[in-house]
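To start, the structure itself, in structure tokens.
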Amino acid sequence: MRLEHEVLDHFLADVDEQIRYRPMHAAVNEELRAHVEDKAETYMEYGVEEEEAFRRAVREMGDASAIGIQMNEAHHLRTAKPLLAMLLVLMGIGMLGNFITCGFDWITWEEQLYILWGIFVLVLVTGYGYPLLLKHTGKALVLFLVLVAGNLGIHLTWRWDWLLNSGGFRYLFSPSVQFGILQLAIPVAAVQMYRRRRQGLKGLLGVYGFLAVPVAVSFFFFGAGYTHQGILVLLLCCLGVSCYMVGKGYLKVEKKRGFAGVFLGFLALALVWAVPQREELGRSLELCFHPEAQAVSAWEDGYNNVLIRELLARSEWFDPVSLSEEEKLRYYTSQWYFSEGLGQWQEGGMRTLEDHVAYRSQFQGEANLGIRDLLPDGYRSNYRIARWILCYGRIPAFLLTLLPFWACVLMFTTTLRIRNRLGRITALSGSLALSLQSLFYLAGNFGYQFGSFGNLPFVSEGLVSMTGSALMAGLVLSAYRFDTVVKEED
């Protein structure tokens, strides 16, 4: 080893000792080596010997340890502690709510394991998610297309019924998994939008064209609005990310033309999705804004919307809802609406109204009825916010509801603190996705359910829901964590 190179290598080694994030060593060394060599070359142009030129150049750089400390401060891993703490608090609320609502049965313990799994995924994605997403975006796109094509092929041919209905395989093609697949596409699409920014509108609309594949075939997967929320979240997130990129000048296009192109692309993508399933979408809109038209039995989502609006209208500001035992029984058996109200029970369903009343009454005595028994039928955590209102009053429930929405606010503030533009775009996509899911869940809790019922991130039960929430929030935390150590080109 030549002496001048040995002097430089010792200097760089001393700098590296102060930089905690080891992957940054190569980039820092390259930058400092270039500075030293430039200085040494200047000295040599004035006749200084090469060995002495390098010595002087290294000496002029200053103390290696001090430089290393400065580099470490500029390029270090960061933790968004307020956001991370809030997410853990929400998961804790979810676990506590499971015990309070359902006791210590085996289903509750299963749901607690889902939340613990979510914590593990959150920590794992926070530590490694963002760099892995940037490195393997292309593979994620291929995987996404394979999943979409596989599901489409199965539902078109119906040749794999034995697989769909056998063992754990049926869960691979459940509505929850479909929602998870659509959710995964959001940050992948955001990264692709940013990487194609130099192509202007052409690159951005190219990503919209790619998304048209799963959007166009979504109606083959499931009816009854199972994919409506997932597709809407995907479309609105892409619209939000696109508008942000245009507004910040990331795209090589004039802003007015850029916004016009984005909205036209969004509209075209929405039509590709909406036109083939306009009847199902019409039913979802009717369910949300005119549920009485679908309230034909106690098992319909339309009745659920009508019932939850009725119960919330009787809630108190600070106290639990006050109902007599007779009123509880009328709500529990659906008689308040179908026998005494405006509802018309549709014959030919699972049971007649009389059979339904008799069936419900035989399992539950009047004295045992509680708020949870009166809530619409559904999964155990579909109506957490509504239950908070009915059990604790509107104001206490409002304060509880602020927690998940404050987590969304923290995600956006964390996103805006990211200086790396690609990292900010990635975090923005995750923040939008979780916020929109929370809004859909809130609407369902007030009797405005659209499509299938949504999930409250980090609080609702379900393996896919918890995994997806942890993954999206983990990407926000990870993009912030690696903000100063991962370059946009990576």
Side-chain angles (χ1 to χ4, degrees), residues 97 101-102 224-226 228-229 283-317 319-347 349-366 368-394 397-398 401 439-456 460-461:
T101 304
C102 305
Y226 282 120
H228 288 176
Q229 284 194 24
R283 283 186 57 81
S284 291
L285 289 170
E286 182 183 65
L287 169 65
C288 182
F289 298 108
H290 186 48
E292 295 82 2
Q294 298 183 24
V296 296
S297 75
W299 296 282
E300 295 293 336
D301 285 335
Y303 172 72
N304 291 346
N305 275 358
V306 172
L307 174 59
I308 202 67
R309 293 182 192 182
E310 165 70 14
L311 291 174
L312 291 178
R314 303 193 58 173
S315 63
E316 305 289 342
W317 287 106
D319 299 314
V321 64
S322 178
L323 297 173
S324 67
E325 295 301 324
E326 181 182 355
E327 288 174 320
K328 290 180 182 178
L329 185 60
R330 287 169 49 226
Y331 283 121
Y332 181 69
T333 58
S334 307
Q335 290 173 297
W336 73 277
Y337 186 66
F338 292 109
S339 293
E340 306 161 17
L342 301 176
Q344 296 294 322
W345 188 277
Q346 181 174 298
E347 299 295 338
M350 296 176 63
R351 296 185 181 90
T352 64
L353 177 59
E354 292 75 16
D355 289 341
H356 171 69
V357 172
Y359 175 79
R360 296 282 280 183
S361 299
Q362 69 177 325
F363 291 106
Q364 201 83 38
E366 293 182 20
N368 296 325
L369 290 175
I371 294 299
R372 180 174 176 272
D373 299 312
L374 308 183
L375 290 173
D377 288 331
Y379 292 106
R380 290 150 60 100
S381 64
N382 275 7
Y383 293 95
R384 284 188 185 268
I385 293 175
R387 186 167 62 248
W388 292 345
I389 295 173
L390 297 174
C391 290
Y392 309 118
R394 298 173 190 173
F398 173 75
T401 307
L439 289 174
F440 274 120
Y441 183 87
L442 180 65
N445 272 255
F446 281 88
Y448 292 90
Q449 176 183 336
F450 176 82
S452 61
F453 210 92
N455 298 310
L456 183 60
S460 287
E461 92 288 356

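The basis for the numbers below is simple: all heavy atoms, side chains too, and nothing from hydrogens, waters or symmetry mates.
If you take CG on Leu390 and CG on Asp319, they are separated by 13.0 Å, rounding to the nearest 0.5 Å. A distance of 10.5 Å separates CG of Asn305 from CZ of Phe289, quoted to the nearest 0.5 Å. Atom-to-atom distance recorded for Glu300:CD and Gln346:CD is 7.5 Å, nearest 0.5 angstrom. Once rounded to the nearest 0.5 Å, the distance linking OG of Ser334 with CD of Glu340 reads 11.0 Å. Taking OG of Ser452 as the start and CG of Asp301 as the end, the distance is 8.5 Å to the nearest 0.5 Å. From Gln449, atom CD reaches atom CG of Asn382 across 7.5 Å, with rounding to the nearest 0.5 Å.
Here Arg394 does not pair with Glu316 in a salt bridge; the nearest charged N to carboxylate O distance is not below 4.0 Å.
Annotation for Arg314 and Glu327: closest pair NH2-OE2, 2.9 Å, computed over non-hydrogen atoms. Closest non-hydrogen pair, Phe446 versus Ile389, comes out as CZ-CD1, 3.7 Å. In this structure, Ala295 and Gly302 approach most closely via the heavy-atom pair CB-C, 3.9 Å. Of all the heavy atoms in Arg309 and Cys288, the pair that sits closest is NH2-O, 2.7 Å.
Leu323 is listed as a side-chain neighbour of Leu374, based on a closest heavy-atom distance under 4.5 Å. Residues Ser339 and Arg330 have side chains not in contact (no heavy-atom distance under 4.5 Å, counting atoms from C-beta outward). The closest side-chain heavy-atom distance from Glu310 to Tyr337 is not below 4.5 Å. Inter-residue side-chain proximity for Ile385 and Leu442 is flagged as met; some heavy-atom pair is nearer than 4.5 Å. Proximity of Thr401 to Trp388: side-chain heavy atoms (C-beta onward) are separated by under 4.5 Å at one or more points.
For the 3.5 Å distance criterion, the side chains of Tyr303 and Ser297 fail to qualify, holding no donor opposite an acceptor. Between the side chains of Thr333 and Gln335, at least one donor N or O lies within less than 3.5 Å of an accepting N or O.
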Worked verdict on Phe440 versus His228 for side chain to side chain contact (heavy atoms under 4.5 Å, CB included): CA-CA 11 Å; Phe440 274 120; His228 288 176; over 6 Å; no
Residues Val296, Trp345; criterion side chain to side chain contact (heavy atoms under 4.5 Å, CB included); working and verdict: CA-CA 5 Å; Val296 296; Trp345 188 277; over 6 Å; no
Stepwise side chain to side chain contact (heavy atoms under 4.5 Å, CB included) test for Asn445 and Ile308: CA-CA 7 Å; Asn445 272 255; Ile308 202 67; over 6 Å; no
Verdict with reasoning, Leu287 to Phe450, per side chain to side chain contact (heavy atoms under 4.5 Å, CB included): CA-CA 6 Å; Leu287 169 65; Phe450 176 82; over 6 Å; no
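Under the ring pair (Phe, Tyr, Trp, His ring centres under 6.0 Å) criterion, Phe453 pairs with Tyr383, Tyr441, sequence neighbours left out.
Glu292 places no side-chain N or O within donor-acceptor distance of the main-chain N or O of Val306, the cut-off being under 3.5 Å.
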